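Reviewing the structure listed below.
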Amino acid sequence: MNIMLLGAPGSGKGTLAEKLIKNQGFNQMSTGDLMRKEINDKTPLGIECARYMNEGRLVPDEVTMGIVKNFLQDNHNQLIFDGIPRTLNQAKILEENLIELNAKIDKVIYIDVPSEILLNRISGRLVCPKCKVSYHIISRKPKLEGICDNDGTELVRRPDDAPEKVKVRLEAYANETAPLVDYYKNKPGFIHIVDNANTTAEEVYAEVLGAL
Ligand code: AMP
């Protein structure tokens, strides 16, 4: 089974993916993580991605879908698609790529979070550059301040989590990605999770497991 996670930046897609991977044997397909790896490795592709990511803008579809197609050649089952697709065009290309590989998206999980909560979550977010796990300075503190529980790496703030970049990212989500909810909502396998201020990551996970 392949699962797609749909939701705004800060909606908890990465945290949900982490739980599904750890407990249910899924593998992650996060375009953001793949792009950050290209940037860290200073590849030409990374240099191209950084031009957009550093400003909070979407990387063009041709570049993004090249990365996705390459990844899918060797992995196309038990995947969690996190942060992909972000445009209708990407959704259609992804479907075509999967059909060629005799695979498909079985479930689309939409995590629906009010915008004021998104800002709070992103502004307090810290991530481990090594294992990619996210923390929050209030709601998900590491055991030792500023240090990853899993591997002892110093936590960092993502450069695109700065307030001015977040504004651009949320606009890109509203304009380009939110229309995907309409595209998927009447298709089989659509799961709508409402996450409000009091919902914990564990509750979201439990609801998702029930729906799956
Ligand atoms: P994420 O880690 O999913 O929050 O993505 C961080 C940034 O990477 C985004 O703001 C975009 O600049 C870029 N990015 C990640 N996935 C995509 C995608 N599917 N299409 C275009 N840009 C993407």
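Because the structure is a prediction, the values reported are computed rather than measured. We use all heavy atoms of the structure for the numbers below, so side chains are in, but hydrogens, waters and symmetry mates are not. Counting convention: from 1, in listed order, for ligands and their atoms alike. One is the number of the first residue; the rest follow in order along the sequence.
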The answer, listing residues by chain and number that come under 4.0 Å of ligand 1 through any heavy atom, is T31, G32, M35, R36, M53, R57, L58, V59, T64, G83, I84, R86, Q90, R158, D160, R169

Does a side-chain N-to-carboxylate-O contact under 4.0 Å join K167 and E171? yes

What I want to find out is whether D195 reaches R121 closely enough, with some N-O distance under 4.0 Å, to be called a salt bridge. yes

Under the side chain to side chain contact (heavy atoms under 4.5 Å, CB included) rule, collect the residues that match up with E154, sequence neighbours excluded. none

How about N196 and T199: does a side-chain donor come under 3.5 Å of a side-chain acceptor? yes

Indicate whether the side chain of T87 and that of E176 have a donor and an acceptor atom separated by less than 3.5 Å. no

So that I can tick it off, tell me whether D161 and R125 are bridged by a salt bridge, with the cut-off set at under 4.0 angstrom between side-chain N and carboxylate O. yes

